2 protein chains.
Amino acid sequence: MTEQQRRPTLMDVAHAAGVSRALVSIVMRGAPGAAESTRQKVLEAARELGYRPDSRARLLRSSRTRLLGLSFFSAHAFHAEIVDAAYAAATSRGYDLALSAVASGRPETLAVESLLDFGSAALILISPTLSHQDLAAYAGQVPVVSLLRDDVGDPVDSVSSDDHAGVRMAVDHLTGLGHRRIVHVDGGIAVSAEPRRAAFRAEMDRHGLAARIIPGGPTEEDGLRAARTLGEDLPTAVIAFNDRCALGVIESLRADGLKVPDDVSVLGYDDSQFARLSYLQLSSVSQDAPLLAAAAVDRAVDRIEGAQTPAHVVRTPHLVVRKTTAPPRAG
Amino acid sequence: MTEQQRRPTLMDVAHAAGVSRALVSIVMRGAPGAAESTRQKVLEAARELGYRPDSRARLLRSSRTRLLGLSFFSAHAFHAEIVDAAYAAATSRGYDLALSAVASGRPETLAVESLLDFGSAALILISPTLSHQDLAAYAGQVPVVSLLRDDVGDPVDSVSSDDHAGVRMAVDHLTGLGHRRIVHVDGGIAVSAEPRRAAFRAEMDRHGLAARIIPGGPTEEDGLRAARTLGEDLPTAVIAFNDRCALGVIESLRADGLKVPDDVSVLGYDDSQFARLSYLQLSSVSQDAPLLAAAAVDRAVDRIEGAQTPAHVVRTPHLVVRKTTAPPRAG
DNA sequence: TTGGGTTTCTAGATCGTTCTAGTGGCACCA
DNA sequence: TGGTGCCACTAGAACGATCTAGAAACCCAA
């Protein structure tokens with residue numbers, strides 16, 4: 001089969017229905033100005049021919065594109081959850097989503113350029129690693145919304161979660177349970193690792209406790225490696241940079257014959273899908289990624305549709321206590 | 001800031017460089033037919049104005065789009081690895097990639113339509129769940145390549161892995177170690193669950209062993225639930241539908257105080273990123289997803305550039321033995 | 001019947017490119 | 001001198017839609 005037939009155009013539909021191109025255009029985009037009877041006739045003809053409007057031509061003419069560009073990291077499973085939520089939010093506001101992944105041989109600039117090439121009316125970047133300068137340059141062309149990173153300079157919007165509040169909740173939760181020797185396995189150079197590190201220091205200080213921080217990273221291996229360096233001086237609780245890192249920590253402890261949470265409590269960050277897995281039941285700070293995604297989409301659409309000044313939305317995270325945190329072993 | 005300045009066009013560059021639009025076009029796409037001196041002059045002017053070709057207009061005019069549409073499941077972490085590889089393959093053949101995810105409220109048809117709207121010259125669908133009829137309909141419009149599913153009807157290409165061979169390797173590996181009581185936790189209604197189930201039955205038969213199959217699924221929870229039903233009659237080895245399912249099985253066994261691989265060997269499928277995690281070290285059947293992705297891209301490009309008849313590429317998987325399979329406990 | 005208002009429909013310009021069919025200039029050679 | 005071929009360049013028509021301005025059809029009151 002596979003007849004490489006030329007795909008039908010407005011012209012063809014118009015001809016088949018015996019009306020002008022303009023009228024078909026009116027009908028196809030549901031604009032007012034067509035009699036109900038002809039509207040039906042046109043739709044019928046379109047369906048018959050298998051007509052599908054050419055979005056390139058459509059976009060070219062009417063520069064309002066109703067298209068949001070979203071960049072994400074293919075290696076970051078957590079980002080997939082956000083993509084999911086963003087789709088829902090975008091369609092509910094009548095926009096389509098163009099996706100572009102930051103992958104191994106594909107730097108973020110390339111991903112963003114590609115989104116621009118598709119004619120995105122605005123960009124939503126998840127945890128962007130770009131410089132303020134780069135971000136500003138893009139913001140000069142279209143509205144840019146940074147998701148999960150707030151340190152992005154003036155001209156770009158941001159929708160993020162209050163890292164300090166999140167870490168405070170984590171520390172309060174653990175100290176509330178009676179922990180005093182708490183370690184933070186940090187995120188290394190990952191986005192938002194620095195604010196969480198600082199918040200941990202401040203919060204431990206506030207409680208009059210020593211803030212011990214171990215270099216980590218965003219992956220299981222990072223958590224694993226970090227936990228191995230704990231050595232003799234075992235804490236009673238660990239706050240990991242994120243859930244994957246927490247999992248690495250847990251596995252390392254397990255390998256040493258330690259029980260979580262009996263011997264050591266472990267707290268994650270992100271409340272990602274797998275934190276909820278029944279065998280893990282990881283306590284975690286939830287940033288409510290789906291809500292953040294929706295907020296980012298809203299912000300982007302608002303900017304497209306007129307809002308002038310960039311805004312910086314910060315949401316307060318909340319704690320989800322599951323089975324990996326408990327009071328420290330008595331004694 | 002955010003000056004919503006009109007973005008410069010060919011016209012502007014032409015005017016600035018004192019040449020015609022057509023010549024600028026020639027220079028911008030690196031076509032022959034421009035003197036080196038003017039070429040430099042034009043490039044200079046373009047750079048100065050911050051000119052960026054409008055891909056919509058460009059695509060509209062030259063219907064060769066150099067764009068591949070790729071659909072994937074946002075919930076399937078494994079698909080992200082394929083996306084990654086597909087990017088590399090696509091760029092190496094000079095094509096760009098349009099991504100579209102199948103997400104919670106977003107059925108596969110919607111994802112595919114959206115790719116078509118972007119003007120994809122061909123579609124690559126990862127583990128498509130569409131009917132033969134739907135697939136054929138799309139294949140009538142553009143070349144369609146199914147990745148990781150081969151039962152897709154005549155008019156669409158497929159690039160997949162030989163499931164029977166994979167399962168044979170798995171069974172041979174385990175029987176070779178001395179296992180005789182082997183269970184398959186299947187994939188339920190997931191794509192390619194059926195062929196693997198059938199292959200397991202056939203291969204166990206060939207070895208003169210009883211093929212015990214337990215209903216499972218593609219997620220950790222499925223594996224967990226399935227493993228719980230093993231009850232008293234414990235096998236010495238389990239072949240899981242995929243790696244995530246295998247992880248669920250392992251965790252369930254662990255929870256019962258059993259050791260992997262000492263008490264029970266567990267084999268995964270996919271050799272996904274996390275199978276390689278140092279604390280897991282999951283033995284797994286590798287489909288070489290990156291290679292498959294590259295093959296799919298190649299196939300799609302070949303079809304776009306002239307190949308007429310659809311092909312069905314089948315690659316042979318290979319076994320990656322790590323630490324979750326071992327000889328059965330003596331006795 | 002006329003006239004004004006509304007609704008329905010159409011012709012033609014337009015978006016920013018690429019492509020086709022030239023034009024003009026220069027060098028070479030008979 | 002003039003023909004031929006080549007190179008650099010250009011004018012203008014596409015591509016397939018939307019948009020603007022205005023024509024045609026219709027309705028109803030005067």
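Since this is a predicted model, take the numbers as computed values, not measurements.
Across all strands shown, B:Arg21 has heavy atoms under 4.0 Å from base atoms, whether or not it also approaches the sugar-phosphate. Residue A:Thr38 is in sugar-phosphate contact alone, with no base atom involved, counting any heavy-atom pair closer than 4.0 Å across all strands shown. Using a 4.0 Å heavy-atom criterion, one finds that A:Ala22 contacts the bases of the nucleic acid, with or without backbone contacts as well. If you check every strand for non-hydrogen atoms under 4.0 Å, B:Ser25 touches a base.
For the pair A:Phe118 CZ and C:dT17 C1', the computed distance is 17 Å after rounding to whole Å. Here C:dA11 presents its C1' atom at 13 Å from CD1 of A:Ile26, a figure rounded to the nearest Å. Here the P atom of nucleotide C:dT7 and the CG atom of A:Leu23 are 16 Å apart, to the nearest Å. For A:Arg58 and C:dT17, the CZ to C1' distance is 20 Å, given to the nearest whole Å. The distance from atom CG of A:Leu60 to atom C1' of C:dT18 is 12 Å, rounded to the nearest whole Å. Remark: P of C:dT17 and CG of A:Asp117 are 11 Å apart, rounded to the nearest angstrom. Rounding to whole angstrom units, CZ of residue B:Arg7 and P of C:dC15 are separated by 15 Å. The distance between atom CZ of A:Arg39 and atom P of C:dT8, rounded to the nearest whole Å, is 9 Å.
Counting only heavy atoms from C-beta on, B:Asp54 has its side chain closest to C:dG16 among C:dT18, C:dG16, C:dT10.
Taking a heavy-atom distance under 4.0 Å as the criterion, the stretch of DNA chain D touched by chain A extends 5' to 3' from D:dG16 to D:dC19.
With 3.5 Å as the limit, one finds a donor-acceptor pair spanning the side chains of A:Ser100 and A:Arg106. When only modelled atom types and interatomic distance are considered, B:Gln40 and B:Glu36 share a side-chain donor-acceptor pair under 3.5 Å. A side-chain donor from one of A:Asp151 and A:His132 sits under 3.5 Å from a side-chain acceptor of the other.
With respect to the salt-bridge test (charged N to carboxylate O, under 4.0 angstrom), the residues B:Asp12 and B:Arg7 do not qualify.
No hydrogens or angles were tested; on distance alone, a donor-acceptor pair under 3.5 Å links the side chain of B:Arg61 to the base of C:dT18.
In this structure, the side chain of B:Tyr87 does not engage the main chain of A:Ala103 through any donor-acceptor pair within 3.5 Å. Of the possible polar contacts, one joining the B:Asp84 side chain to the A:Ser104 backbone as a donor-acceptor pair under 3.5 Å is found.
Note: B:His76 and B:His79 have parallel aromatic rings, judged against thresholds of 30 and 60 degrees for the angle between ring planes.
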